[in-house]
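Numbered from 1 within each chain, the chains take letters A, B, ... in sequence-line order.
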There are 2 protein chains.
Amino acid sequence: MLNYQQQPLDLMFQALADPTRRGLISRLSRGPASVSELAEPFDMSLPAVVQHLQVLETSGLVTSEKVGRVRTCRLEPKALMTAEDWISSQRASWEARLDRLGEYLMELQAGEKKRGRKK
Amino acid sequence: MLNYQQQPLDLMFQALADPTRRGLISRLSRGPASVSELAEPFDMSLPAVVQHLQVLETSGLVTSEKVGRVRTCRLEPKALMTAEDWISSQRASWEARLDRLGEYLMELQAGEKKRGRKK
DNA sequence: CTGTTACTTAAGCTGATGCTTAACTATCAA
DNA sequence: TTGATAGTTAAGCATCAGCTTAAGTAACAG
């Protein structure tokens, strides 16, 4: 498990780790928005919000396009799925393992009862 | 947004953002392990690995229990689900929105054809 | 052309993160 | 009791993340 890094996942989870950025994603999940629309609810400077947007864009979770002087940002659902899939697969294999353990314990228990295989 | 709150999601995504920690989770998804078992594949000092484990434990993704001099760590699948659910819900609402947009565009297109409502 | 809007760029500060080494404690085995 | 094993604690350090303010550019409105 040498650090031959899964950089996309690093960037995505890092991006998701900040509440401001999750707020931006929540907003964007309701539809595209301009930079100043996105910044408005937050109690921080505009450059700070733009920096958060850059993190989101570098991670691939958000894309943007500038028309005239307005930059419009939107969510990239496929990227979100990458993060979701990783988590899901880890959880699935752990839960599968728990299930197998459960079965094993049940077998043990059944075995202890020796003749308890009726009904 | 002055980090005045280390919410569960902050801690979880932050924990998942590091490749070493995701490596630890992958290992743990195959079953519980001791600290030194977990540290063995990594090219870093034991205290460094222990620090990563502490991050995972603080985030709730991993629990551990010490018996004798051995600390055994295991995954907490419910916590992983918390992170997964957040992502999933954001993605779902964005995809729903894309679907509605799709329908809207289809209606527009149908409308343009005027009498194209036959068959 | 002039002012306003909508960002963009740059520099700098502060605290958090990811390591390190060294020294320490507690358990187990002989 | 002695020594090895398994992990813990502490201090220090370099880099990075998240903000700030100040100043700059580029489009559009009158």
Side-chain angles (χ1 to χ4, degrees), chain A residues 1-25 27-28 32-74, chain B residues 1-25 27-28 32-74:
Chain A
M1 219 157 287
L2 291 158
N3 289 359
Y4 85 85
Q5 296 198 347
Q6 212 52 294
Q7 206 158 358
L9 282 175
D10 284 33
L11 295 174
M12 277 181 212
F13 285 126
Q14 186 59 52
L16 293 172
D18 184 278
T20 300
R21 289 194 292 260
R22 286 198 309 280
L24 291 168
I25 287 180
R27 168 63 190 83
L28 288 173
S34 73
V35 170
S36 27
E37 275 168 9
L38 287 168
E40 191 273 327
F42 294 98
D43 187 22
M44 69 178 69
S45 69
L46 187 79
V49 172
V50 171
Q51 283 166 31
H52 282 300
L53 285 170
Q54 280 164 356
V55 171
L56 288 169
E57 204 158 348
T58 301
S59 77
L61 291 167
V62 163
T63 57
S64 75
E65 189 192 8
K66 195 163 182 179
V67 176
R69 55 187 168 166
V70 176
R71 176 169 300 279
T72 301
C73 306
R74 71 194 69 230
Chain B
M1 193 161 275
L2 216 86
N3 303 350
Y4 77 103
Q5 213 174 7
Q6 285 289 62
Q7 288 174 328
L9 281 174
D10 286 36
L11 295 174
M12 279 179 210
F13 286 126
Q14 185 59 52
L16 292 172
D18 184 278
T20 300
R21 288 193 292 261
R22 285 199 309 279
L24 292 169
I25 288 181
R27 168 61 190 82
L28 288 173
S34 72
V35 169
S36 27
E37 276 169 9
L38 287 168
E40 191 273 328
F42 294 100
D43 187 23
M44 67 178 72
S45 68
L46 187 79
V49 172
V50 171
Q51 282 166 32
H52 282 302
L53 285 170
Q54 280 164 356
V55 171
L56 288 169
E57 204 158 346
T58 302
S59 78
L61 292 168
V62 164
T63 57
S64 75
E65 189 191 8
K66 195 165 181 179
V67 175
R69 55 188 168 165
V70 176
R71 175 170 300 280
T72 300
C73 305
R74 72 194 67 230

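Of the possible polar contacts, one joining the A:R21 side chain to the A:Q14 backbone as a donor-acceptor pair under 3.5 Å is found. In terms of modelled atom types and a separation under 3.5 Å, the side chain of B:R74 and the main chain of B:T63 share no donor-acceptor contact.
Between B:S34 and D:dA6, a side-chain N or O to OP1/OP2 separation shorter than 4.0 Å is absent. Here B:K66 does not reach the OP1 or OP2 of D:dA6: none of its side-chain N or O atoms lies under 4.0 Å away. Between A:R69 and C:dT8 there is no side-chain polar atom (N or O) within less than 4.0 angstrom of OP1 or OP2. OP1 or OP2 of C:dC7 lies within a sub-4.0 Å distance of a side-chain N or O belonging to A:S36.
Note: A:R71 CZ to A:E57 CD = 6.5 Å, rounded to the nearest 0.5 Å. Rounded to the nearest 0.5 angstrom, A:L16 CG and A:L61 CG are separated by 5.5 Å. Taking CG from A:L38 and SG from A:C73, the interatomic distance works out to 5.5 Å, rounded to the nearest 0.5 Å. One distance of note links CG of B:L53 with CD of B:Q51; it measures 10.5 Å at 0.5 Å rounding. Once rounded to the nearest 0.5 Å, the distance linking CD of A:E37 with CG of A:L28 reads 10.0 Å.
You'll find that the side chain of A:R21 is closest to D:dG18, out of D:dA6, C:dG18, D:dG18. When each of C:dC19, C:dC7, C:dT8 is scored by its nearest atom to the side-chain atoms of A:P47, the top-ranked nucleotide is C:dT8. Picking from C:dT8, C:dT20, D:dC19 the nucleotide with the shortest atom distance to the side chain of B:S45 gives C:dT20.
Rounded to a whole Å, the CG atom of A:L24 is 10 Å from the P atom of D:dC19. Rounded to whole angstrom, the span from the CG atom of B:D10 across to the P atom of C:dA16 amounts to 14 Å. Distance, B:L46 CG to D:dA4 P: 19 Å, rounded to whole Å. Going from atom CZ of A:R71 over to atom P of C:dT5 covers 20 Å, rounded to whole Å. Following rounding to the nearest Å, A:D18 (CG) and C:dG15 (P) show an atom-to-atom distance of 18 Å. B:D43 places its CG atom 12 Å from the C1' atom of C:dC19, with the value rounded to the nearest Å.
Within residues 52-59 of chain A, no residue places a heavy atom under 4.0 Å from DNA chain C.
DNA chain C is contacted by both A:T72 and B:A48; A:T72 maps to the nucleotide lying nearer its 5′ end (nearest heavy atom per residue). Comparing A:E37 and A:Q14, the nucleotide of DNA chain C nearest to each residue sits closer to the 5' end for A:E37.
The base of C:dT9 is not paired with the side chain of A:Q51 by any donor and acceptor separated by under 3.5 Å.
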